[in-house]
Number of protein chains: 2
Amino acid sequence: MASTMKDIARLTGLGLATISKYMNGGTVRPKNKKLIEDAVKELRFIPNEFARSLKTSLSRTVGVVIPELGNQFITSIIITMEDMLRKHDYAVIVCDCRTDSKRESEAVSFLVHKRVDGLINMPTDQSGEHLKPALEAGIPIVLVDRMLKPMNGLVSAVVVDNVDAAEKATHYLMEAGHEDIGLILGNESIFTSQKRCEGYLNAYTEFNIPPRDELIRFSDYTMEGGYAAMKRLLALPKRPTAVFVTNFEMTLGAMIALNEAQLKVPDDISFIGFDKLDLFGAIFPNLTLVKQPQYAIGECVATQLLRLLADPHAERQHQIITLATQLHVGGSTRGIRKPS
Amino acid sequence: MASTMKDIARLTGLGLATISKYMNGGTVRPKNKKLIEDAVKELRFIPNEFARSLKTSLSRTVGVVIPELGNQFITSIIITMEDMLRKHDYAVIVCDCRTDSKRESEAVSFLVHKRVDGLINMPTDQSGEHLKPALEAGIPIVLVDRMLKPMNGLVSAVVVDNVDAAEKATHYLMEAGHEDIGLILGNESIFTSQKRCEGYLNAYTEFNIPPRDELIRFSDYTMEGGYAAMKRLLALPKRPTAVFVTNFEMTLGAMIALNEAQLKVPDDISFIGFDKLDLFGAIFPNLTLVKQPQYAIGECVATQLLRLLADPHAERQHQIITLATQLHVGGSTRGIRKPS
DNA sequence: GTTGAAAAGCGAAACGTTACGTTTTAGGAG
DNA sequence: CTCCTAAAACGTAACGTTTCGCTTTTCAAC
């Protein structure tokens, strides 16, 4: 049934090496080119990637290990990444490790066994231990959104300036007179939560105001989590006058909690959300939010990996790329009288 | 650097065939087993999947072609599918075709070239034309959530009883006295939209009430879409007394529109949503909704494909599996006085 | 016509497995 | 100690490409 290059060679009367050359974009005499193309059509020839991979030791496949496929931020990155990589003829194998470091290790070693050419990882585990098998196998790695503790020049990474993002947002609220700013973060052990918390505290330091611990709520980057965290902030004896929520799902949940509590934004409480300007645009017009360049992140990750993949195993130059976020000023915050 | 079975053979003094046998789970004399295991560790041997694939013509990889990765329903299915398939040592290549039939065709042919062992598809194009290359290559196919017009016994499919789901929900509202029921659907050309519309109309026929065209709104299965559609329903001169929204994102958008319009559910309007019981559970307690068995769908798809994959190319028995939905009765609807 | 360099074509040897058919080994029965 | 049988080990030929080092062809310039 399935035909091979040998069949093409026989049918055209050409040598096997010539067919191979043609298949790889080499130049062939025009009449032979036509000959080959006709034969390919007639025999419905599809090159055997297995044999090709065996010879070249290249799978033209990259692995992606993420903590959670059901998260908008992650999927939006994957969407653009996958698009770009496939345009360059790379297949993308996605492994969801459910924010579990054991599963994460398994996923990496699974992909190493599958001999992926490159690896993209949004790490759950900060130690980076799980990447060892890939490193040993010489597979180039690009980290997304989250950094690892020790990796010195062994991996590339594309992250966002989280400290700056949080600082800017907090600063903005403080300039408007807010001193009690609720902060809703993801899990405490996660890189981005830590950095965003750092930025928030920086602003407090800058304004020389002592932060209130109970206003900082570590949650879990889910809609329910954001909803619950907001509820608890609202239940505080001394309720915050403004809230900053640090991802898309939690922003949604928090907004719903506010709606439910009949609190008007910004009259009753000031609000800064996160991500997905376009989406909120239709629904909560004028929401002030920190916008991460999701499209650019995905694009940047793909570009980085393609660059590493192109370097023929020579000294690969690893880079840490930090992208800026943008504070999109809407109308969901307002100034308040500073306490005298 | 990389070691091969030949190296293991040399180091252990055993024959190549014996190593291969061991690697595939064959029995080996205990002392040889130890010998091999030690050698594997020492040489950090990783079997070369390329060579294996070349010999067996199996990639242990399946392709998934979907219209949109940024959709909760789709990702939740993928999550369980990927989990199950990977447990069986299959890698999953995901291709997002962005609801574009040209891209969909490209994705299928890309995957055929990658020689995936099986294909999972949530079709954008109802003609099924895009699956031809896979069919020709003898790759087993499982359709998810959406059926195709002509495919007779050539593919398997896992769908939900959409007609019944919509009929049940509409029926439930009508029994409570509602006659003007807003319906928010996905794109008109999509299988599930058509079926759900059919179910809705069935209920009207059953109750012998003429449906009002302007209450049926085809949208696009996004949050913004749901929001906009709900707004338009509310702007109608004769506003519906109840609304039925037919996917998760649109339910979210519609709820936000209601909140914004200061309409209380169920006092001002009755509401039936879709999907994600657990999630809404925390946020809109007691929402009445149609629950699709998302976990079961993913599981079922994976099981079907594994079954087809296990059948050694013999006459593969294709099946159409229809799963039932469940009407989860909460408190978001109420009875109204029937007009006299 | 020759000549010669550049372009195109060629044959054969890998790449690292699996699987077929055969030979060797182990160890209990006689 | 021999014989027998089942179990284990073995050698080797594929699988379908790419690539190396040559040989042949082409065609422009003399």
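Since we're looking at a predicted model, the values are computed, not measured. Letters A, B, ... mirror the listed sequences (proteins, then strands); counts begin at 1.
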Exercise. So, does T12(A) use its side chain to make a donor-acceptor pair with the main chain of A9(A) at under 3.5 Å?
Worked result: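 Yes: the side chain of T12(A) pairs with the backbone of A9(A).
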Exercise. Between T124(B) (side chain) and S101(B) (backbone), is there a donor-acceptor pair under 3.5 Å?
Worked result: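 No, because the side chain of T124(B) does not come within donor-acceptor range (under 3.5 Å) of the backbone of S101(B).
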Exercise. R115(B) or V28(B): which one's nearest nucleotide on DNA chain D is closer to the 5' end?
Worked result: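 Nearer the 5' end of the strand: V28(B).
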Exercise. In terms of the nearest nucleotide of DNA chain D, which residue is placed more toward the 5' end: S57(B) or N32(B)?
Worked result: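 Mapping each residue to its closest nucleotide by heavy atoms, the 5'-most match is N32(B).
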Nearest to the side chain of [X], heavy atoms from C-beta on, is which of [options]?
X: L54(A); options: dG16(D), dT17(C), dG9(C); result: dG16(D)
X: L14(B); options: dA8(C), dC10(D), dT17(D); result: dC10(D)
X: R29(B); options: dT18(D), dA8(C), dA9(D); result: dA9(D)
X: R52(A); options: dG11(C), dC10(D), dT17(D); result: dT17(D)

Problem set entry | Distance in angstrom units between K55(B) NZ and dA13(D) C1', rounded |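 Taking atom C1' of dA13(D) as the reference, NZ of K55(B) is at 7 Å.
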Exercise. What is the distance, rounded to the nearest whole Å, between atom NZ of K34(B) and atom C1' of dA8(D)?
Worked result: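 So the two atoms are 20 Å apart, to the nearest Å.
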Exercise. Does the side chain of S76(A) pick up a donor-acceptor pair with the side chain of Q294(A) at under 3.5 Å?
Worked result: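 Checked: S76(A)/Q294(A) side chains pair up, N/O donor to acceptor below 3.5 Å.
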Exercise. Does the side chain of N121(B) pick up a donor-acceptor pair with the side chain of H130(B) at under 3.5 Å?
Worked result: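 Looking only at side-chain atoms, H130(B) and N121(B) do form a donor-acceptor pair, the distance falling under 3.5 Å.
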For this session: Have a look at Y22(B) and say if it touches a base, only the backbone sugar-phosphate, or nothing, with a 4.0 Å heavy-atom cut-off.
Result: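 The residue Y22(B) makes no contact with any strand.
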